[in-house]
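Residue numbering restarts at 1 for every chain, and letters A, B, ... go by the order of the sequence lines. As a basis for the values below, the full set of heavy atoms in this structure was taken, side chains included, without hydrogen atoms, waters or symmetry mates. All values derive from a computational prediction rather than experimental measurement.
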There are 2 protein chains.
Amino acid sequence: MKKKPTIEDVAKAANVSVATVSRVVNRQGGVRKATEERIVRAIDELNYVRSAIARSMVRKETKTIGVIIPDFTNPFFSEVISGLQKSALGQNYFTLISSSNESKMIESEIIQHYIERGVDGLVVTTADEKGDHLDPVIKAGIPIVAVDRQLKNYEVDTVLTGNREGAYEAVKHLISRGHTDIAIIRGPQGTTPGLERYRGFERAMKEYDLPIREEWIGEGDFMEGSGFACAKRFYEASKRPTAIFSSNNKMSIGAVKALQHLNWKIAEEIAFVGFDDIEIATFIKPNLTMVSRHMRNLGEIAFQLLHDRMKNNQEVSTVKRQHILSPFLIVRDSCQKFY
Amino acid sequence: MKKKPTIEDVAKAANVSVATVSRVVNRQGGVRKATEERIVRAIDELNYVRSAIARSMVRKETKTIGVIIPDFTNPFFSEVISGLQKSALGQNYFTLISSSNESKMIESEIIQHYIERGVDGLVVTTADEKGDHLDPVIKAGIPIVAVDRQLKNYEVDTVLTGNREGAYEAVKHLISRGHTDIAIIRGPQGTTPGLERYRGFERAMKEYDLPIREEWIGEGDFMEGSGFACAKRFYEASKRPTAIFSSNNKMSIGAVKALQHLNWKIAEEIAFVGFDDIEIATFIKPNLTMVSRHMRNLGEIAFQLLHDRMKNNQEVSTVKRQHILSPFLIVRDSCQKFY
DNA sequence: CTGTTAGCGCCTTCAA
DNA sequence: TTGAAGGCGCTAACAG
């Protein structure tokens with residue numbers, strides 16, 4: 001209720017010096033048993049909690065890492081931060097998590113906050129892969145790990161998924177089921193996932209000598225609405241594709257919504273695969289075949305890399321490390337061959 | 001790269017005193033234009049960022065609020081924190097968000113972290129509504145706002161949903177469609193949402209003089225698995241219900257999974273309503289009728305209440321304020337009357 | 001308008 | 001095994 005007790009209050013109550021209290025609070029040992037007990041009792045009685053602020057002030061570290069994701073409501077990121085936070089807590093690191101809402105500007109603000117608060121490291125899925133706006137972080141000498149999207153202008157550790165590979169497998173799967181008229185809902189081509197998944201699509205198509213039609217390339221923005229719009233456009237195309245590959249989870253949601261809306265029958269009339277599994281995949285009538293990945297792992301690995309940098313006083317290896325997790329295809333029922 | 005510049009470095013570079021630098025950094029005015037410009041230039045050149053830590057140290061406030069939710073991967077909470085964080089940022093407050101995973105122990109740890117870090121306020125959806133473990137927060141004089149679940153042992157501001165009311169409406173809707181044999185998948189009866197939603201169910205049943213059968217009461221834990229199990233039990237009951245009310249989103253997911261698995265046809269053979277809308281609701285064949293609520297609002301209001309307390313130096317009103325948001329029924333196709 | 005200075009609560013030598 | 005004392009970077013009087 002009243003003001004918070006300080007280490008000095010404890011010292012007074014236990015009749016020792018602050019230095020001694022500090023020793024027991026930090027478990028440094030070298031304190032007589034009896035003294036320690038007296039101090040512990042005083043701590044309890046006063047409800048003393050040591051101030052992380054004052055501590056950070058002198059230690060020059062906060063045991064805190066900043067995390068930036070583009071969207072709280074995307075389940076993919078929920079899983080990632082879930083894994084990340086658990087790993088961090090295990091090493092006694094605390095996580096600050098913020099969403100940029102895919103805005104570079106907001107991301108900059110968040111970064112400012114993080115630097116002011118002295119985070120020891122940063123994990124970021126950036127809204128802008130050029131990444132100039134991360135300059136302050138670099139300048140401050142704060143280690144960074146990029147997740148899912150790269151930071152092109154800087155040599156930072158990166159955790160990625162085999163985007164190209166995953167898309168390639170998905171499209172190949174479609175082809176193996178007899179499809180040749182395949183459309184793609186692309187993500188923003190300025191982002192690694194957007195571009196790479198397109199490249200995977202492209203590779204598969206080329207490998208089998210299949211034409212990539214202009215009207216079968218939908219430009220999406222990784223949001224639901226664009227998935228819906230693209231699917232609709234495909235339906236209205238001069239020639240309809242027989243299969244669709246969607247580049248991320250939210251666009252898949254939108255696309256499926258559109259297919260249902262148009263009564264364009266999945267599997268029977270239009271095959272479908274999407275990148276990143278979604279909850280509805282196993283609920284709707286023909287279950288959806290999807291490219292999936294170990295999301296929590298992404299978060300865990302990201303923390304490992306960062307932790308490494310943080311304790312190794314940054315200078316150990318200046319080489320950028322890249323970790324690529326392989327996605328995997330979950331074959332269900334939405335890509336049946338049909339004639 | 002090297003060590004971070006301090007206010008003193010800036011002062012030296014601009015050839016002024018630290019006090020003056022502080023004035024311009026904090027926009028307090030009373031500094032000659034020319035001087036200010038000189039300082040700003042120095043700040044830019046040195047990449048100076050003021051240390052929130054040192055600042056908090058003397059101001060005795062961190063402009064930071066702690067948030068505890070039970071589960072990152074529950075979309076309900078994603079929405080809530082999304083709204084919360086946006087409101088907070090608007091008032092220049094920073095949010096620390098952590099998940100307790102429904103564990104009281106983890107929640108305690110998080111609380112410890114928060115107190116150490118000197119949060120100015122706390123927003124919590126607790127894993128244990130008795131809330132004794134929040135004692136340290138109370139003792140530290142940190143204002144609290146409870147969201148979605150109460151803290152029974154303390155008089156703190158609370159934001160709730162009309163749980164009873166929502167459940168009541170849902171069940172009445174079922175009844176109005178001709179159902180009399182209604183089962184419920186309950187949440188933990190030790191939680192406000194769990195208990196209140198049951199009470200709503202009960203009230204509707206009593207009002208219409210319908211029997212509540214033992215075997216039609218499923219004990220769930222708000223997690224997917226229990227929803228699945230309960231639905232299965234209903235199916236195997238000596239007498240099958242014709243309608244199911246599920247008490248939360250995750251259990252609804254599980255229940256629907258079970259219904260599909262059992263090939264127990266929704267709407268045709270078994271009506272269904274659930275509390276909290278879910279994405280699959282509009283995807284599966286008969287669209288699911290659901291009780292929904294303005295989730296982002298919950299977060300926004302929570303912040304309002306907290307903000308109020310924080311600036312009013314806590315003593316203005318010791319009265320506990322309670323804010324109840326009304327849920328609303330979204331009628332779709334899963335409760336058709338059938339005979 | 002600008003500068004000086006006393007802390008904020010804690011950790012960390014250095015002595016005792 | 002313990003204590004004394006100097007900061008960490010910043011803000012907020014108080015003086016000029």
J.: Using a distance-only test with no angle check, is there a side-chain donor-acceptor pair under 3.5 angstrom linking T158(B) and Q322(B)?
T.: no
J.: On the nucleotide dT11(D), are OP1 or OP2 found under 4.0 Å from the side-chain N or O atoms that S22(B) carries?
T.: yes
J.: Grab the NZ-C1' distance between K60(A) and dG9(D) for me, whole Å please.
T.: 8 Å
J.: Send over the distance from E116(B) CD to dC10(C) P, rounded to a whole Å.
T.: 10 Å
J.: Any carboxylate oxygen within less than 4.0 angstrom of a Lys/Arg side-chain nitrogen, looking at D120(A) and K63(A)?
T.: no
J.: For V25(B), report the nucleic acid contact type (base, sugar-phosphate, nothing); a contact means any heavy atom under 4.0 Å.
T.: nothing
J.: Rounded to the nearest Å, what distance is computed from the CZ atom of residue R55(B) to the C1' atom of nucleotide dG9(D)?
T.: 12 Å
J.: Shorter than 3.5 Å, N or O on both sides, protein versus nucleotides 13-16 of chain D: list them out with atom names.
T.:
none

J.: Identify which nucleotide among dT2(C), dC8(D), dC10(D) has an atom closest to any side-chain atom of V58(B), counting heavy atoms from C-beta outward.
T.: dC10(D)
J.: Starting at atom CD1 of I7(A), determine the distance to atom P of dA5(D), rounded to an integer number of angstrom.
T.: 16 Å
J.: With respect to the phosphate group of dT2(C), does any side-chain polar atom (N or O) of T35(B) fall under 4.0 Å of OP1 or OP2?
T.: yes
J.: Can R321(A) and D308(A) be counted as an ion pair, charged N to O under 4.0 angstrom?
T.: yes
J.: Counting neighbours of NZ on K104(A) that are heavy atoms of other residues, nucleotides or ligands and sit closer than 6.0 Å, is the number greater than 12?
T.: yes
J.: DNA chain D: G29(A) or N26(B), which has the more 5' nearest nucleotide?
T.: G29(A)
J.: For DNA chain D, whose closest nucleotide is more 5', that of G30(A) or that of V18(A)?
T.: G30(A)
J.: Quick one: sort the F94(B) and H113(A) rings into parallel, tilted or perpendicular, breaks at 30° and 60°.
T.: tilted
J.: dT4(C) phosphate, OP1 or OP2: any side-chain N/O from S17(B) under 4.0 angstrom?
T.: no
J.: Taking OP1 and OP2 of dT12(C), is either one under 4.0 Å from a side-chain nitrogen or oxygen of Q28(A)?
T.: yes
J.: Applying the side chain to side chain contact (heavy atoms under 4.5 Å, CB included) criterion to I68(A), which one of I106(A), L96(A), I111(A), L134(A) satisfies it?
T.: I111(A)
J.: In whole angstrom, give the distance that lies between atom CG of D9(A) and atom P of dG9(C).
T.: 8 Å
J.: Starting at atom CD of E61(B), determine the distance to atom P of dA12(D), rounded to an integer number of angstrom.
T.: 9 Å
J.: If you only use heavy atoms from C-beta on, which nucleotide in dA12(D), dC8(D), dG3(D) is closest to the side chain of R59(B)?
T.: dA12(D)
J.: We want to know whether D71(A) and N101(A) form a side-chain donor-acceptor pair, criterion being a heavy-atom distance below 3.5 angstrom.
T.: no
J.: The test is side-chain contact (heavy atoms from CB on, under 4.5 Å); show your working for V147(A) and V124(A) and say whether it passes.
T.: CA-CA 6 Å; V147(A) 173; V124(A) 57; over 6 Å; no
J.: Figure out the CD/C1' separation between E37(B) and dC1(C), and round it to whole Å.
T.: 16 Å
J.: Send over the distance from E8(A) CD to dG7(C) P, rounded to a whole Å.
T.: 12 Å
J.: With nearest nucleotides of DNA chain C determined for M57(B) and V31(B) from heavy-atom distances, which residue corresponds to the more 5′ nucleotide?
T.: V31(B)
J.: Nearest to the R32(A) side chain among dA5(D), dT2(C), dT1(D), which nucleotide is it?
T.: dT1(D)
